[in-house]
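Reading through the structure tokens given below for one structure.
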Amino acid sequence: MKQKGISKRLFNKYSIRDRRKWPFVYCFVAFPVIQIAIFYFYVNLSSFALAFTNSDGSAGLGSFELVFKSFITGEDKLGFNPWEMVYKSITSWGLTQIATLFTILSCYVLTKHMIGSKLFRLIYYIPGIVGGVVLMSIMKETYSHNGIWTSLVKSLGVNLPERALKSGLLGAKETAFVTIMIQRFIYTLAGGGMIMAGAYMRIPNEIFEAAQIEGCGFFRETFQIALPLVWPTFSTLTLFSFCSILTADYGAYIWSNGTGRNGLVSVGFYLYRYQVTITQTPVNNEYLYGYVSAFGMLITAVTIPLVLLGRWILSKVHEDVSY
């Protein structure tokens, strides 16, 4: 009865006019709720069942055994090394986080009203406007044997492998992954911080004016005043990035034309190759659905504690500030 009385009081807090809007609001949010229910929960429940399926279709832990065996031997059914996939994804993720730290400073500089700041802000928007596939197609030409970046590396006196000289920077295993990581680092610097810039712009100028009167320098102003004030935004973006620590993808499938040659691989590419194999020859490889599902479940099992740990660490660094 007490619970019912509380619900009634909460209901009576809203006017009849407000309550008339509720059907529209419920209909408006019903569509995304249905989407999540079907395309997330239902699909994952199916994947969960597939993960506990043996190669002969019976229930069991055969799929998990295949995953652990591939990690122990360093080779799977398709001839790939799963450790290399995980290593390349974590490397890509870590490099992105390092670039993000530089972005914190560069985006804050762009909030200052200095000559050329609006132009640089526009340049920062360009990578977000141009589609990823289009940008990669353009960049692939610059890495060819006579492309801009290959010519620049040659002019610096770097000794490139013979295959890189003939086929470009993406044509040799020694240079392909390093080249993409450098390109990804620059790309993150150029287009990874516009949300942070928007958060910086919300800080009242009076705070910085008071800090300047007290003799506060630029770096102290950035990291002891500005960053704590936008910490909720920064911590949220960082927390989302933890979700992709094992699945960070740098477009390995597009860079390698779907082959994974010269070490251009990642966990995302790895799982997609299995899907392609199953589709092309479903009769002999249908059991690999279980392998992909088991692999995905293990990634989730490792990622969830990392996300919770990251959330706990971020909550201890700075308290949320309201202004």
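Heavy atoms only: backbone and side chains are in, while hydrogens, waters and symmetry mates are out.
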Item to check | Thr150 side chain to Tyr143 backbone, donor-acceptor under 3.5 Å | outcome: yes
Checklist entry - Under the side chain to side chain contact (heavy atoms under 4.5 Å, CB included) criterion, do Gln183 and Trp255 qualify, and how do the steps go? => result CA-CA 12 Å; Gln183 183 266 340; Trp255 289 120; 3.8 Å; yes
Checklist entry - Does Ala164 offer a backbone N or O that forms a donor-acceptor pair with the side chain of Ser167 under 3.5 Å? => result no
Next on the checklist: Restricting to non-hydrogen atoms, name the atom on Ala226 and the atom on Ile203 that form the minimum distance, rounded to 0.1 Å.
Outcome noted: O-CD1, 3.8 Å
Next on the checklist: Checking the side chain of Ser235 only, and the main-chain atoms of Leu314 only, is there a donor and an acceptor separated by less than 3.5 Å?
Outcome noted: no
Checklist entry - What are the two closest heavy atoms between Ala49 and Thr53, and how far apart are they? => result O-OG1, 2.9 Å
Next on the checklist: Do Leu156 and Trp149 land in one hydrophobic cluster if side-chain heavy atoms of ILVMFWY residues count as linked below 4.5 Å?
Outcome noted: yes
Next on the checklist: Contact between Leu298 and Phe64 at the side-chain level, heavy atoms closer than 4.5 Å - yes or no?
Outcome noted: yes
Next on the checklist: So Val267 and Leu246, do their side chains get closer than 4.5 Å, heavy atoms only?
Outcome noted: no
Item to check | Side-chain donor or acceptor of Ser315 paired with backbone N/O of Trp312 under 3.5 Å | outcome: yes
Next on the checklist: Measuring only between side-chain heavy atoms, which start at C-beta, is Phe48 closer than 4.5 Å to Met297?
Outcome noted: yes
Item to check | ILVMFWY network linking Ile34 to Phe39, side-chain heavy atoms under 4.5 angstrom | outcome: yes
Item to check | Linked, directly or transitively: Leu101 and Leu227 (ILVMFWY side chains, under 4.5 Å) | outcome: yes
Checklist entry - Is there side-chain contact between Leu50 and Val292, with heavy atoms separated by less than 4.5 Å? => result no
Checklist outcome for this item: Correct closest heavy-atom pair for Phe269 and Val265 would be CE2-CG1, 3.6 Å
Next on the checklist: Would you compute the distance between atom OG1 of Thr142 and atom CG of Leu152 and round it to the nearest 0.5 angstrom?
Outcome noted: 10.5 Å
Next on the checklist: When you measure from the side chain of Ser256 to the backbone of Gly260, do you find a donor-acceptor pair of N or O atoms at a distance under 3.5 Å?
Outcome noted: yes
Checklist entry - Of the non-hydrogen atoms in Glu174 and Val178, which two are nearest, and what is the gap between them? => result O-CG2, 4.1 Å
Checklist entry - Under 4.5 Å between any side-chain heavy atoms of Trp83 and Glu75, yes or no? => result no
Next on the checklist: Assigning hydrophobic clusters by single linkage (Ile, Leu, Val, Met, Phe, Trp, Tyr; side-chain heavy-atom cutoff under 4.5 Å), is Tyr42 placed with Phe31?
Outcome noted: no
Checklist entry - Is the shortest heavy-atom distance from the side chain of Cys243 to the side chain of Val307 under 4.5 Å? => result yes
Checklist entry - What do you reckon, is CZ of Arg184 surrounded by more than 12 foreign heavy atoms closer than 6.0 Å? => result yes
Checklist entry - Would you call the rings of Phe177 and Tyr250 parallel, tilted or perpendicular if under 30° counts as parallel and over 60° as perpendicular? => result perpendicular
Checklist outcome for this item: Partner of Val153 under side-chain contact (heavy atoms from CB on, under 4.5 Å), picked from Ile148, Leu160, Asn159, Thr175, is Leu160
Checklist entry - Is there a side-chain contact between Ser266 and Met85, using heavy atoms and a 4.5 Å cut-off? => result no
Checklist outcome for this item: side chain to side chain contact (heavy atoms under 4.5 Å, CB included) filter on Cys216, not counting sequence neighbours, yields Ala211, Arg220, Glu221, Ile225
Checklist entry - Are side-chain heavy atoms of Trp231 and Thr238 found at a separation under 4.5 Å? => result no
Next on the checklist: When you group the ILVMFWY residues by side-chain heavy-atom contacts below 4.5 Å and let the links chain together, are Leu95 and Tyr87 in the same group?
Outcome noted: no
Checklist entry - Just by distance, do the side chain of Lys88 and the backbone of Leu264 share a donor-acceptor pair under 3.5 Å? => result no
Checklist entry - Any sub-3.5 Å donor-acceptor pair from Asn262's side-chain atoms to Leu170's backbone N or O? => result yes
Next on the checklist: Main chain of Gly62, side chain of Asn54: is a donor-acceptor contact present, judged purely on distance under 3.5 Å?
Outcome noted: yes
Checklist entry - So, Ser244 side chain and Ser241 main chain: donor-acceptor pair closer than 3.5 Å or not? => result yes
Checklist entry - Does Gly290 offer a backbone N or O that forms a donor-acceptor pair with the side chain of Ser293 under 3.5 Å? => result no
Item to check | Output field: ring centroids Tyr289/Tyr274 closer than 6.0 Å | outcome: no
Checklist entry - Taking only residues two or more places apart in sequence, or in another chain, which ones meet Phe295 in a ring-ring contact (aromatic ring centres under 6.0 Å, His included)? => result Phe71, Tyr270
Next on the checklist: Test salt bridge (charged side-chain N to carboxylate O under 4.0 Å, His left out) on Lys69 and Glu65; report intermediate values, then the result.
Outcome noted: CA-CA 6 Å; Lys69 184 178 179 180; Glu65 293 177 3; over 6 Å; no
Next on the checklist: If I take atom CD from residue Glu214 and atom CD from residue Glu209, how far apart are they, to the nearest 0.5 angstrom?
Outcome noted: 13.0 Å
Next on the checklist: Does the plane of the ring in Tyr272 sit parallel, tilted or perpendicular to the ring in Tyr253? Use 30° and 60° as the thresholds.
Outcome noted: perpendicular
Checklist outcome for this item: Separation between OH (Tyr200) and OG1 (Thr222), nearest 0.5 Å, reads 7.0 Å
